[in-house]
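Each residue takes its place number in the sequence, starting with 1. Predicted, not measured: the structure shown is a model, and the values here were computed from it.
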Amino acid sequence: VTIPGAHILEAGRTEQLATEKRLRVHWLGEIGYEFVATSNQKVYYLSCGTGNGGLTQTTHLTLWDVSVRAPIIVTSVGPDSPLRDGYAYARPFMSPPHLVKGRQYALTVQAFPEANLVPAGHANIRISPDVGIFQRGVLSRSAWQYPGEVDA
């Protein structure tokens, strides 16, 4: 399974501000969403939204285990990452992590000024029901920090 960043069923205040270009332009920290896995599966790729262009700098994507507030896997995307449908894709994982049905996870991207991150538009924000069920937006105010703040 591929888990694209910013693909969610609903959008909270953080996503709304990001869509209005008032947050991610100046945001520094982790930003993403929590979801509950709907089946046991392996994750082969992660990606983040870039709109019509690529990333101008390298950033990191993190899949978190919410129950222990720790990273499961971290990967990077940057100017040389493959682009598809407005997303920059990381390299495939050599040892794909497993999602466990019913367990809660978070997916974040490290946002910082000039990263050229683009949030998904509200009309096409989705996480496949085969992968998970959106719970809420989450964020932190610094890189590498668990996204313990809830996006209201």
Side-chain angles (χ1 to χ4, degrees), residues 1-51 55 57-78 81 84-90 93 96-152:
V1 70
T2 299
I3 303 180
H7 276 208
I8 54 179
L9 290 174
E10 301 175 21
R13 183 72 179 139
T14 303
E15 283 292 325
Q16 179 182 354
L17 290 172
T19 299
E20 295 170 5
K21 306 272 186 201
R22 292 189 301 176
L23 179 64
R24 289 199 183 162
V25 173
H26 301 290
W27 187 257
L28 179 60
E30 303 284 337
I31 187 167
Y33 63 93
E34 289 181 357
F35 66 97
V36 173
T38 53
S39 64
N40 296 324
Q41 56 200 301
K42 291 182 181 180
V43 177
Y44 293 98
Y45 303 88
L46 295 177
S47 68
C48 71
T50 62
L55 296 172
Q57 297 182 36
T58 298
T59 190
H60 297 89
L61 306 169
T62 305
L63 181 63
W64 303 83
D65 182 330
V66 172
S67 67
V68 293
R69 300 171 59 103
I72 295 170
I73 198 160
V74 177
T75 191
S76 61
V77 290
S81 295
R84 188 174 65 233
D85 298 326
Y87 288 86
Y89 283 80
F93 297 124
H98 290 64
L99 299 183
V100 177
K101 181 179 181 177
R103 195 165 205 177
Q104 194 160 350
Y105 299 91
L107 178 61
T108 62
V109 60
Q110 283 184 6
F112 54 90
E114 291 121 22
N116 202 35
L117 298 173
V118 175
H122 292 279
N124 58 7
I125 297 173
R126 306 227 187 286
I127 180 170
S128 169
D130 295 334
V131 175
I133 299 170
F134 172 79
Q135 298 298 292
R136 60 188 172 185
V138 292
L139 55 106
S140 70
R141 298 187 186 271
S142 64
W144 306 110
Q145 181 181 10
Y146 177 78
E149 295 185 56
V150 176
D151 177 11

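Of the possible polar contacts, one joining the Ser140 side chain to the Glu30 backbone as a donor-acceptor pair under 3.5 Å is found. In this structure a side-chain-to-backbone donor-acceptor pair under 3.5 Å is missing from Thr75 to Leu61. At least one donor-acceptor pair under 3.5 Å links the side chain of Ser128 to the backbone N or O of Asp130.
The side chain to side chain contact (heavy atoms under 4.5 Å, CB included) check on Thr38 picks up Ile133, with sequence neighbours excluded. Among residues two or more places apart in sequence or in another chain, the salt bridge (charged side-chain N to carboxylate O under 4.0 Å, His left out) test is passed with Arg69 by none.
Applying the salt bridge (Lys or Arg N to Asp or Glu O under 4.0 Å) test to residues at least two apart or on different chains, the pairs with a partner in residues 136-148 are Glu34-Arg136, Arg141-Glu149.
Ring pair Tyr146/Trp64 is perpendicular by interplanar angle, where above 60° counts as perpendicular and below 30° as parallel. Aromatic ring orientation, Tyr89 versus Tyr45: perpendicular (interplanar angle above 60°, classes split at 30° and 60°).
Here the closest non-hydrogen pair linking Gln145 and Ser142 is OE1-OG, 2.7 Å. Minimum interatomic distance between Ile31 and Ala111 (heavy atoms only, all atoms of both residues): CG2-CB, 4.0 Å. In this structure, Ala106 and Val138 approach most closely via the heavy-atom pair CB-CG2, 4.4 Å.
Tyr105 pairs with exactly one of Ile72, Val36, Val43 by the side-chain contact (heavy atoms from CB on, under 4.5 Å) rule, that one being Ile72.
Between the SG atom in Cys48 and the CG atom in Leu107 there is a gap of 9.5 Å [rounded to 0.5 Å]. Annotation: the span from Arg103 atom CZ to Asn40 atom CG amounts to 11.0 Å, rounded to 0.5 Å.
Tyr87 places none of its side-chain heavy atoms less than 4.5 Å from the side chain of Val77.
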If you apply the rule side-chain contact (heavy atoms from CB on, under 4.5 Å), what do you find for Phe93 with Leu63, and how did you get there?
CA-CA 12 Å; Phe93 297 124; Leu63 181 63; over 6 Å; no
